[in-house]
Amino acid sequence: MKKRTIRVLVLVLTSFLFTSCSSAEEGILSPEEMESTHLEMELTDGVLVDAVITPYSRYQNGLNAYYVSMMYQEEDLVSLEDFVAEPSIYGYSLEELAQLLAEQSGFSAEYVWETVSYQDELIGNLTMRDPAGVERTLWCGWSTDEAGHVYSSPNALYYNYEWESFDHSAACNLLSMAVPDESELNFASSGELAVKAEQILETLTGEDYYPEVICVPMGEANRQQLKDHGYELQGQFGSTPYFEEDYYAYLFYRDVDGFPLKYLCPSITLTENVTWEEELNSQVHMNMLIPLMANKHFVSWGGDSGLRYLSTNRKLCMQEVYKEQEQICDINVILENARQYFDSMLITNTLTVNHIEIAYSYWFSDVEDGPLRNIAAPFWTVQYWNPASEFQMLLVYDAFTGQFVGEKMYTP
């Protein structure tokens, strides 16, 4: 198990500016400062930097970009009849999956399997009991394509009927209005549970995860703080997403060449002469960004219930290299481009930049390379706190060109 870093969650619309690597002034940071993991400085009037940064050594030799596909591999395609006769989840038979989850979480290995047809989708429910004897259900869906094949939907999750709320996403967003005042809960160490959470995900999906996990400790203090802020977000069936039981919610990202794979909402301007790869039309390409963005993996642990929520998605079909070790704009370039951006703003309150880091995101191949295809490419992200709106904001720059591709409210 690789060393895991815990980041406690703090909290993500699109405009366009175009700048490039060549626009940066030399010497904003010295080589020693570029190699640091933290930076403090005044970037421009009204903008302070107190930020975690990506060290130069991690990108000095260039980074790759990869073609990606939503299409499943041939071995994932089975007929609906065959699947009903012999179901499998993530390549595991039901017996293997139940045993795996029992070993990883302490659940009983006994299970009940039921399927329900809903419109053009088949829903499979694998019900097991947790250490306290409470029923939990692993839910998976399969849709039928035009050829009559079925494929697993991008998520598999535990759902506890007592709570009647899909609280995982709420837990990882509801601190947008409140900074956590507790990093450890009494029932367990957040770091130790993060290791357990990662073990389950890696075993289940066979994938590697970025070694920094976002942790949301939900204890009484944070629940009260959220209520004080009036954050009464309703769950699916009307219940609030924070319950009386203390729990940790963890958010994981896939790892691509040592960087997290996130959805950064970059935007593309299409022209009339843009063409798409033959098998897919433009609308499909645009829609593909949505399922491809399903890159978050959630795990939640409670003091009494143990594993209380699990949400994963299918393995990304990473294909051949699109760009191999192309030069990346260094942080001096991004600082200068960000300074130009902030200088164009009317700043009434001091803004604080708290992260300047590289992450991979879904994007499109260059127009000059022929028909557009979906790719995974590196981007620089500049995250800052705007006290006027009480939101964390994110500036996104193409890491190869330094081009500004969008601003958005930051959501993990």
Side-chain angles (χ1 to χ4, degrees), residues 7-19 23-25 28-29 33-34 36-54 170-183 212 214-217 221-233 251 262-267 329 331-359 361 379-398 402-412:
R7 176 187 292 178
V8 176
L9 179 69
V10 196
L11 209 190
V12 205
L13 313 171
T14 305
S15 57
F16 300 94
L17 288 175
F18 297 95
T19 48
S23 68
E25 296 177 359
I28 296 177
L29 300 185
E33 290 173 317
M34 290 174 60
S36 174
T37 58
H38 192 269
L39 175 64
E40 293 186 34
M41 64 178 294
E42 182 179 15
L43 183 60
T44 190
D45 290 343
V47 181
L48 301 178
V49 176
D50 185 0
V52 174
I53 65 174
T54 299
C172 286
N173 287 296
L174 49 69
L175 294 183
S176 61
M177 298 184 184
V179 178
D181 62 1
E182 55 192 355
S183 58
E212 181 176 306
I214 293 175
C215 173
V216 182
N222 273 349
R223 286 195 293 270
Q224 187 58 51
Q225 188 171 184
L226 291 164
K227 294 174 184 177
D228 291 344
H229 278 73
Y231 206 96
E232 294 289 341
L233 179 65
L251 171 61
K262 298 183 177 182
Y263 173 51
L264 298 175
C265 290
S267 296
C329 293
I331 193 171
N332 277 324
V333 173
I334 303 306
L335 284 170
E336 177 59 26
N337 291 353
R339 178 158 60 190
Q340 293 179 21
Y341 179 88
F342 289 124
D343 284 344
S344 70
M345 294 174 57
L346 176 61
I347 299 176
T348 57
N349 297 278
T350 299
L351 308 179
T352 302
V353 175
N354 42 45
H355 289 87
I356 308 175
E357 298 177 298
I358 292 176
S361 187
F379 291 83
W380 274 102
T381 60
V382 179
Q383 182 180 322
Y384 70 94
W385 169 254
N386 187 340
S389 63
E390 293 192 335
F391 284 120
Q392 294 279 347
M393 303 299 293
L394 200 70
L395 307 180
V396 182
Y397 295 88
D398 186 310
Q403 181 185 62
F404 178 83
V405 294
E407 179 187 20
K408 57 179 287 189
M409 185 173 67
Y410 171 71
T411 53

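- Between L48 and T350, some side-chain heavy-atom pair lies under the 4.5 Å cut-off.
- The CD1 atom of I334 sits 9.0 Å away from atom CD1 of I356, with the distance rounded to the nearest 0.5 Å.
- Contact record, S36 with H38: OG-O, 2.8 Å, taken as the closest heavy-atom pair.
- The two residues C329 and G402 come nearest to each other via the heavy atoms SG-N, 3.4 Å.
- A distance of 4.5 Å separates CD of E40 from CG of D50, quoted to the nearest 0.5 Å.
- A cation-pi arrangement is present between K408 and Y263, with the terminal nitrogen or guanidinium carbon under 6.0 Å from the aromatic centre and inside a 45° cone about the axis.
- Side-chain contact between C215 and L251: absent, with no pair of heavy atoms (C-beta onward) separated by less than 4.5 Å.
- Using a 4.5 Å heavy-atom cutoff, the side chains of V47 and V353 are in contact.
- Counting heavy atoms from C-beta outward, V52 and E357 have side chains that approach closer than 4.5 Å.
- Residues L264 and S361 share a closest heavy-atom pair of N-OG, 3.1 Å.
- No side-chain heavy atom of Q340 sits under 4.5 Å from any side-chain heavy atom of F404.
- Across all non-hydrogen atoms, the minimal contact from N354 to Y384 is OD1-N, 4.2 Å.
- Considering only heavy atoms from C-beta on, V382 comes within 4.5 Å of Y397 through its side chain.
- Here the options are I28, T44, I53, the test is side chain to side chain contact (heavy atoms under 4.5 Å, CB included), and the partner is L335; only I28 passes.
- Taking 4.5 Å as the limit, every side-chain heavy atom of F342 sits out of range of all side-chain heavy atoms of R339.
- With a 4.5 Å cut-off on side-chain heavy atoms, K262 and T381 do not count as touching.
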